[in-house]
Q: 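This is the structure I have questions about; it appears just below.
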Amino acid sequence: MEELLRQIGVDENTIKANTLFMSHAWQQAEDIITKQRRFVHYTRADTALKILRTSKVWARKANCMNDFSELEHGFDCLNNALTKHKEQFTKIFDGLFPGFREPLIDKFNSWLPHFRNETYIVSLSEHLPQEDDLGRLSMWRAYGGSAGVAMVIKPWPLIKPTDALGAYASPVAYLSVDEFETQFLRFLDRARNATEFLQTLGAEECHNYMFTAFRFAMLCTKHPGFHEEREWRIVHGRTFDRTDRIEIDVETVGNIPQKVCKIPLKDYPDEGLTGIEIPNLLDRLIVGPSDYPFEIQGALIDVLESLGVPDAQQKVIVSDMPLRT
């Protein structure tokens with residue numbers, strides 16, 4: 001806990017509240033820090049080039065992604081737990097704050113169409129040290145195409161809470177409906193044993209934390225069969241998280257014209273966001289299996305040097321993964 005506080009620079013009460021309401025996310029964040037993990041974005045080489053040149057990353061609509069059905073899986077998990085344990089939930093929270101549950105559920109239901117249809121996501125994965133030179137075979141197969149690049153980045157700007165961009169990182173929880181229910185019951189036990197702390201937060205803060213927990217439970221719960229991905233998601237709701245800093249545009253992705261949100265990789269130090277600009281954010285680029293790996297490597301080195309990235313030649317590695325393209 002002390003290491004987490006030191007690295008992300010937030011107060012102990014904020015950590016305590018997030019650990020209570022979103023324990024999985026905060027346990028994963030602490031794991032990233034203590035084990036010095038990094039994140040990685042697997043994409044096509046031309047997309048990596050666009051990200052570097054524009055200092056913007058594209059977030060795609062959730063319903064255009066290849067695992068859109070997982071949003072419904074997350075909703076089914078949440079709805080099942082809330083329905084089966086309505087009485088316990090109501091007893092705890094309405095016992096502390098009379099009339100708490102009903103407006104919370106009404107508000108969440110009113111935002112459901114937006115969460116389903118206006119959520120934009122960037123998919124990342126936890127990157128392991130042993131993947132530094134090769135990347136991950138399953139990810140090359142899924143996202144690399146005939147010329148893929150793995151963009152390995154430092155985690156700190158994504159973990160530290162900030163509203164600067166209106167985009168928020170969260171780990172994916174790989175849970176079945178029954179496993180989600182077990183986690184929900186553990187949350188109720190934590191809340192039951194933390195009534196004094198909940199009272200110090202007050203009804204409005206508890207409402208906000210609970211609503212956020214519901215939202216990310218729906219958006220970031222996937223079937224356990226996908227656990228090998230070790231996914232984190234950067235989530236932006238076009239209306240819910242509205243900001244002038246993220247532009248929306250129409251681009252062609254995989255031959256499909258679609259709306260994308262372009263998230264700027266720009267520091268806003270006065271709002272707690274630093275280290276997200278390319279020279280500081282980028283750890284390395286891994287060029288995946290391709291017919292022209294060294295040409296791609298040379299092009300990426302030139303672009304990094306033009307951006308002022310130090311030691312650019314050492315930061316672009318060619319994977320020797322024996323994968324047929």
Q: Passes side chain to side chain contact (heavy atoms under 4.5 Å, CB included), Ile296 versus Ser290? Steps please.
A: CA-CA 9 Å; Ile296 296 171; Ser290 165; 3.7 Å; yes
Q: For Phe89 and Phe93, I'd like to know if the aromatic rings sit close, meaning centre-to-centre distance below 6.0 Å.
A: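 That pair passes the under 6.0 Å test.
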Q: Minimum heavy-atom separation for Trp26 and Ile15, please, with both atom names.
A: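 Distance-wise, the nearest heavy atoms are CZ3-CD1, 2.9 Å.
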Q: Just wondering, do His85 and Leu185 contact through their side chains at under 4.5 Å, heavy atoms?
A: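 Contact flag for Leu185/His85 side chains = yes.
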Q: Work out which heavy atom in Pro293 is nearest to a heavy atom in Val318; give both atom names and the distance.
A: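 Minimum heavy-atom separation between Pro293 and Val318: CB-CG1, 3.7 Å.
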Q: If the threshold is 4.0 Å, N to carboxylate O, is there a salt bridge linking Glu118 and Lys61?
A: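 So Glu118 pairs with Lys61 through a salt bridge.
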Q: How many angstroms lie between CG in Asn13 and CG in Leu201, if you round to the nearest 0.5 Å?
A: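 So the gap between those two atoms works out to 7.0 Å.
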Q: Between NZ of Lys86 and OG1 of Thr90, what distance do you get to the nearest 0.5 Å?
A: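 Lys86 atom NZ to Thr90 atom OG1 measures 6.0 Å (nearest 0.5 Å).
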Q: Taking all non-hydrogen atoms of both residues into account, name the closest pair between Gly275 and Pro157 and its distance.
A: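 Closest heavy-atom pair between Gly275 and Pro157: O-CG, 3.2 Å.
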Q: Could you tell me whether the side chain of Trp140 and the main chain of Ala150 form a donor-acceptor pair under 3.5 Å?
A: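 Here the side-chain-to-backbone pair does not exist.
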Q: Can you name the one residue among Arg230, Arg37, Lys35 that meets side-chain hydrogen bond (donor to acceptor under 3.5 Å, both in side chains) with Glu126?
A: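 So, applying the side-chain hydrogen bond (donor to acceptor under 3.5 Å, both in side chains) to Glu126 and each of Arg230, Arg37, Lys35, only Arg37 qualifies.
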Q: What closest approach, in Å, do Pro129 and Arg38 show between heavy atoms, and which atom pair accounts for it?
A: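 In this case the closest contact between Pro129 and Arg38 is CA-NH2, 3.7 Å.
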Q: Are Tyr120 and Ile234 connected into the same hydrophobic cluster when the rule is that any two of I, L, V, M, F, W, Y join if their side-chain heavy atoms are below 4.5 Å apart?
A: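 Ile234 and Tyr120: separate clusters.
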Q: Apply side-chain hydrogen bond (donor to acceptor under 3.5 Å, both in side chains) to residues Tyr168 and Asp163 and explain how you reach the verdict.
A: CA-CA 8 Å; Tyr168 305 93; Asp163 296 321; 2.8 Å; yes
Q: A side-chain contact here means heavy atoms from C-beta on lying under 4.5 Å apart; do Thr212 and Met22 qualify?
A: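 Yes; the side chains approach each other to less than 4.5 Å.
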Q: More than 12 heavy atoms of other residues, nucleotides or ligands under 6.0 Å from CZ of Phe240: is that the case?
A: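 Check passes, neighbour count above 12.
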Q: Would you say His73's side chain and Leu175's backbone share a donor-acceptor pair under 3.5 angstrom?
A: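 Pair found, side chain donor or acceptor close to backbone of Leu175.
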Q: Before giving the answer on side-chain hydrogen bond (donor to acceptor under 3.5 Å, both in side chains), spell out for Arg136 and Ser125 the whole-Å C-alpha distance, their side-chain angles and the decisive distance to 0.1 Å.
A: CA-CA 10 Å; Arg136 195 181 315 158; Ser125 180; 3.0 Å; yes
Q: Aromatic ring centroids of Phe21 and Tyr209 under 6.0 Å?
A: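 Yes, ring centres under 6.0 Å apart.
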Q: Does the side chain of Arg215 come within less than 4.5 Å of Phe115's, by heavy atoms?
A: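 Sidechains of Arg215 and Phe115: in contact.
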Q: Any heavy-atom pair between the side chains of Phe75 and Leu112 that's under 4.5 Å?
A: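 In contact.
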Q: Taking Ser123's backbone N and O only, do any of them form a donor-acceptor pair with His41's side chain (distance below 3.5 Å, no angle check)?
A: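 Looks like yes, one N/O pair under 3.5 Å.
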Q: Using 0.5 Å steps for rounding, measure from the CD1 atom of Ile105 to the CZ atom of Phe211.
A: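 Output value for this atom pair is 10.0 Å.
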Q: Holding to side-chain hydrogen bond (donor to acceptor under 3.5 Å, both in side chains), I want the full list of residues that pass it with Arg245, two or more places apart in sequence or in another chain.
A: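 Applying side-chain hydrogen bond (donor to acceptor under 3.5 Å, both in side chains) to Arg245 gives Glu271.
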Q: Would you indicate whether Arg44, at its atom CZ, is surrounded by more than 12 heavy atoms from other residues, nucleotides or ligands within a distance under 6.0 Å?
A: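 Check fails, neighbour count at 12 or below.
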Q: Nearest 0.5 Å, please: how far is CG in Asp270 from OH in Tyr268?
A: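 Rounded to the nearest 0.5 Å, the OH-CG separation comes out at 11.5 Å.
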Q: Are Ile153 and Leu273 grouped together when hydrophobic residues (ILVMFWY) are joined by side-chain heavy atoms under 4.5 angstrom apart?
A: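 Yes, because Ile153 and Leu273 connect within a single hydrophobic cluster, where side-chain heavy atoms sit under 4.5 Å apart.
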Q: Can you establish whether the number of heavy atoms outside Gln36 located under 6.0 Å from its atom CD is more than 12?
A: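 It does not: Gln36 CD has 12 such atoms or fewer within range.
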Q: Return yes if some donor-acceptor pair links the side-chain N/O of Asp283 with the main-chain N/O of Val152 below 3.5 Å, else return no.
A: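 Here the side-chain-to-backbone pair does not exist.
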Q: Taking 4.0 angstrom as the limit, do Asp189 and Arg192 come out as a salt bridge?
A: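 A salt bridge is present here (some side-chain N lies under 4.0 Å from a carboxylate O).
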Q: Does the side chain of Val287 come within less than 4.5 Å of Val316's, by heavy atoms?
A: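 Yes, their side chains come closer than 4.5 Å.
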Q: Determine, step by step, whether Trp58 and Val122 satisfy the side chain to side chain contact (heavy atoms under 4.5 Å, CB included) criterion, reporting the C-alpha distance in whole Å, the side-chain angles of both residues, the deciding distance to 0.1 Å, and the verdict.
A: CA-CA 7 Å; Trp58 294 3; Val122 181; over 6 Å; no
Q: Between atom CG of Leu282 and atom NZ of Lys315, what is the distance when rounded to the nearest 0.5 Å?
A: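 Nearest 0.5 Å value for the CG-NZ distance: 6.0 Å.
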Q: Are more than 12 heavy atoms from other residues, nucleotides or ligands located less than 6.0 Å from atom NZ of Lys154?
A: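 Count over threshold, so yes.
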Q: Just by modelled atom types, is the Val250 backbone N or O under 3.5 Å from a matching donor or acceptor in the Gln258 side chain?
A: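 Checked: no pair found.
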Q: Salt bridge check, Lys259 against Asp249: does any charged N sit closer than 4.0 Å to a carboxylate O?
A: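 Lys259 and Asp249: not salt-bridged.
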Q: Transitively linked via ILVMFWY side-chain contacts under 4.5 Å: Leu281 with Leu49?
A: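 In one cluster: yes.
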Q: Which heavy atom of Ala312 sits nearest to which heavy atom of Glu305, and what is that distance?
A: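 Looking at all heavy atoms of both residues, the closest pair is CB-CG, 3.6 Å.
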Q: When you look at Phe39 and Met151, which way does the side chain to side chain contact (heavy atoms under 4.5 Å, CB included) test go after all the steps?
A: CA-CA 8 Å; Phe39 294 131; Met151 308 183 75; over 6 Å; no
Q: Check whether more than 12 heavy atoms from other residues, nucleotides or ligands sit under 6.0 Å from atom NZ of Lys91, and answer yes or no.
A: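 Counting neighbours around NZ of Lys91, 12 or fewer heavy atoms of other residues, nucleotides or ligands fall under 6.0 Å, so no.
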Q: Any non-hydrogen side-chain atom of Lys107 less than 4.5 Å from a side-chain atom of Trp111?
A: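 Lys107 vs Trp111: side chains touch.
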Q: In chain order, what residues pass the side-chain contact (heavy atoms from CB on, under 4.5 Å) check against Ile278, with sequence neighbours excluded?
A: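 If we apply the side-chain contact (heavy atoms from CB on, under 4.5 Å) test to Ile278, skipping adjacent residues, the hits are Leu52, Ser55, Leu265, Leu307, Val309.
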Q: Tell me if a side-chain donor or acceptor on Ser319 pairs with a main-chain N or O of Leu134 at a distance below 3.5 Å.
A: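 A pair under 3.5 Å: yes.
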Q: Looking at Glu204, I want to see if its CD is surrounded by more than 12 non-hydrogen atoms of other residues, nucleotides or ligands under 6.0 Å.
A: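 Atom CD in Glu204 is not packed in, count stays at 12 or less.
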Q: Would Asp132 and His127 count as a side-chain hydrogen bond (donor to acceptor under 3.5 Å, both in side chains) here? Give the steps.
A: CA-CA 8 Å; Asp132 272 353; His127 181 76; 2.8 Å; yes
Q: Side chain of Glu205, backbone of Gly202: donor and acceptor closer than 3.5 Å?
A: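 A pair under 3.5 Å: no.
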Q: Does the Thr252 side chain pair with the main chain of Asn255, one donor and one acceptor, at a distance under 3.5 Å?
A: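 No, the answer is negative, given that no donor and acceptor are paired below the 3.5 Å cut-off.
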Q: Closest heavy-atom contact between Val235 and Asp241?
A: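 Reported closest heavy-atom pair: O-OD2, 4.4 Å.
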Q: Counting N and O atoms only, with roles assigned by atom type, does the side chain of Thr200 sit under 3.5 Å from a partner on the main chain of Phe197, one being a donor and the other an acceptor?
A: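 Such a contact is found between Thr200 side chain and Phe197 backbone.
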Q: Any side-chain heavy-atom pair from His227 and Lys222 closer than 4.5 angstrom?
A: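 No - every pair of side-chain heavy atoms lies 4.5 Å or more apart.
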Q: What verdict does the side chain to side chain contact (heavy atoms under 4.5 Å, CB included) test give for Ile286 and Val149, after you've listed the backbone C-alpha separation in whole Å, the side-chain angles of each residue and the deciding distance to 0.1 Å?
A: CA-CA 6 Å; Ile286 308 172; Val149 171; over 6 Å; no
Q: How many angstroms lie between NE2 in His24 and CD in Gln27, if you round to the nearest 0.5 Å?
A: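 If I round to the nearest 0.5 Å, the distance is 8.0 Å.
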Q: Heavy atoms, side chains only, cut-off 4.5 Å: are Ile121 and Leu219 in contact?
A: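 Of all side-chain heavy-atom pairs linking Leu219 with Ile121, none is under 4.5 Å.
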Q: Do the side chain of Asp76 and the main chain of Val177 share a donor and acceptor less than 3.5 angstrom apart?
A: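 Side chain of Asp76 to backbone of Val177, a donor-acceptor pair under 3.5 Å: no, none is there.
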